[in-house]
Asks: 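One structure is given below, represented as structure tokens, and several questions about it will come after.
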Amino acid sequence: MAEKAKFATRIGLVAATVGSAVGLGNIWRFPAEVQSNGGAAFLLVYIMCVLILGIPVMLAEFALGRGGQSDAVGVFKHFSPKSGWWGAGALSILASYMILTFYMVVAGWTLEYFIESVTGALYSSAEGADGKALENVFHNRMEEYIAGVTGSIACTVGMIIINLGVLLMGVRKGIEKASNILMPMLFVLLVVFAVVACSLPGSAEGIRFFLSPDFSRITPQVVVSALGQAFFSLSLGMGILITYSAYYPHETKLGSTAITVAALDLLVALLMGFIIFPAITSFGLSGADLRGATLVFVTLPEVFANMGAPRLWSSLFFLLLFVAALTSTISISEVSVAFIQDRFKRSRRAACLIVMLPLLVLSSICALSFGPLNEVQLFHLTIFDFLDRLATNIMLPLVSILICIFIGWFAPSTLLRNQLTNHGTIRMRLYPVILFIIRYLAPLLIAVVLVSAFL
Ligand code: PHE
């Protein structure tokens, strides 16, 4: 069998993995989750989830991928051919498709906001307004947009077609190269915005909300949300990192790669916190009246309106956010495309169509759940929220438990050690700790969190 293609450089592979991790999860979902789960208390639990569970689970996925040299289903078949373990891989693919369905809607919002920033439409009615009035302008704008039918469906469909084009024309590599330059730019831009937001009058209260925890607010629900957010943001439990790490060269140090990826991902999330929460209090919002999902799209334009040349900043930001969303939607689609291509022996073209075309309907339904379909609820959640909660808070942790149990107990016992120490050529002092977490602590802790949320 031909050797799988390898990432050429260490920077390239870290960049690709960071590129997958950093996306709407950090910029759109993280602040919304902090907001609806009580601020700093959530942040604290989130950081603990990343450190204690996220990094070890990431290492387990890396070991499976690089050791098994296959896709999310293939690695389980490779190590345990006659068992039903491949089902864990299948579950991860299902979760990734559900996530793709609603992620596409938010990606469509970034497209809409980019267009409106360039044309200036977003800021035309904001002239002369400040404080609460400014807030109302952007709030109403977002509410109108997502509650409408044509606009929100058009952008969702637009985003799906752009994805299909990129997947079919094979210009994916070009986009990824470009994103290696654009993502650092996004990062610099976020630092600028954070400085601006933190120096707004009244920002201190927002910083306090974000940083000083009220422990009484930590409930099982908060812990489940923090865990789900950690897995979502690190792209865990979706088969993505298994697939990527199969392309890592043998001498890549998995330990330091995992730490770098987790640290950068966390940093971007923290920067967003330092932008959104100071802005919320500075503009006199209670925050409570904002729907979590729309938080970023209301608050950021306010920050831009307070900087000189808002259209310029806004266009730049939403362009970069659009690219970040696109690289993520493409990498999530790739999980399903590769699966259909390999397992059902379809051409790449057919696989792309099979994956993307149903989204035209599914994602549009999700988009409408903010408007006409708002009343259609499952377990008291809109269709959008239901998909998000089920996939993020339940399926990702569940797949992660299965991956840990598989690596810890069923795969060859040398797999993890060999992969983490590059066959004994590098030292890994924390190996016993990682092994302990993967075998006992992670499955147990994740299971407890999952169960407690339902009690
Ligand atoms: N981790 C990405 C984010 O935070 C989402 C993602 C999930 C991307 C799975 C690729 C694969 O937005």
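For ligands, and for the atoms within them, numbers begin at 1 and follow the listed sequence. Here, residue 1 is the first one in the sequence, and each next residue gets the next number. In this text the structure is predicted, and so the values were computed from the model without any measurement.
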Asks: Please determine whether a side-chain nitrogen of the Lys or Arg among E112 and R141 lies less than 4.0 Å from a carboxylate oxygen of the Asp or Glu.
Replies: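 R141 and E112: salt-bridged.
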Asks: Please determine which of W313, F138, F317 meets the ring-ring contact (aromatic ring centres under 6.0 Å, His included) test together with F304.
Replies: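 Of the listed options, the one satisfying the test is F317.
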Asks: May I ask you to list the atoms of ligand 1 that are less than 4.0 angstrom from any heavy atom of I240?
Replies: 11 (C)
Asks: May I ask you to list the atoms of ligand 1 that are less than 4.0 angstrom from any heavy atom of N26?
Replies: 4 (O)
Asks: Using the rule given for side chain to side chain donor-acceptor pair (under 3.5 Å), can you reason through S20 versus S235, listing the C-alpha separation, both sets of side-chain angles and the distance that settles it, and then say yes or no?
Replies: CA-CA 7 Å; S20 162; S235 312; 3.1 Å; yes
Asks: Looking only at distance, does S328 have an N or O less than 3.5 Å from an N or O of ligand 1?
Replies: no
Asks: So is W28 in contact with ligand 1, going by heavy-atom distances below 4.0 Å?
Replies: no
Asks: Counting non-hydrogen protein atoms only, what is the nearest one to atom 8 (C) of ligand 1? Give residue, atom name and distance.
Replies: S20 O, 3.1 Å
Asks: Taking atom types as modelled and ignoring hydrogens, do the side chains of T17 and Y248 form a donor-acceptor contact shorter than 3.5 angstrom?
Replies: yes
Asks: Taking the basic N atoms (NZ, or NE/NH1/NH2) and the acidic carboxylate oxygens, is any pair closer than 4.0 Å for R389 and E33?
Replies: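 The answer is yes: the pair qualifies as a salt bridge.
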Asks: Which atoms of ligand 1 have any heavy atom of Y103 under 4.0 Å away?
Replies: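 Those of ligand 1 that fall under 4.0 Å from Y103 are 3 (C), 5 (C), 12 (O).
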Asks: How close does the nearest protein non-hydrogen atom get to atom 7 (C) of ligand 1, and which residue and atom is it?
Replies: M238 CE, 3.3 Å
Asks: I want to check something: taking the side chain as every heavy atom from C-beta on, are F210 and I276 in contact at a cut-off of under 4.5 Å?
Replies: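 Heavy-atom side-chain distance check fails, nothing below 4.5 Å.
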Asks: Any side-chain heavy atom of I401 sitting closer than 4.5 Å to one from L450?
Replies: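 Yes - at least one pair of side-chain heavy atoms lies under 4.5 Å apart.
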Asks: With no hydrogens and no angle check, do the side chains of N418 and R66 hold a donor and an acceptor under 3.5 Å apart?
Replies: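 The answer is no; no qualifying pair exists.
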Asks: Does A21, backbone or side chain, put an N or O under 3.5 Å from an N or O of ligand 1?
Replies: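 Between A21 and ligand 1, an N or O pair is found under 3.5 Å apart.
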Asks: Below 3.5 Å, N or O to N or O, backbone or side chain included: is there any such pair between G25 and ligand 1?
Replies: yes
Asks: Number the atoms of ligand 1 from 1 as they appear, then name those within less than 4.0 Å of a heavy atom of S233, with their elements.
Replies: 1 (N), 4 (O)
Asks: Does S331, backbone or side chain, put an N or O under 3.5 Å from an N or O of ligand 1?
Replies: no
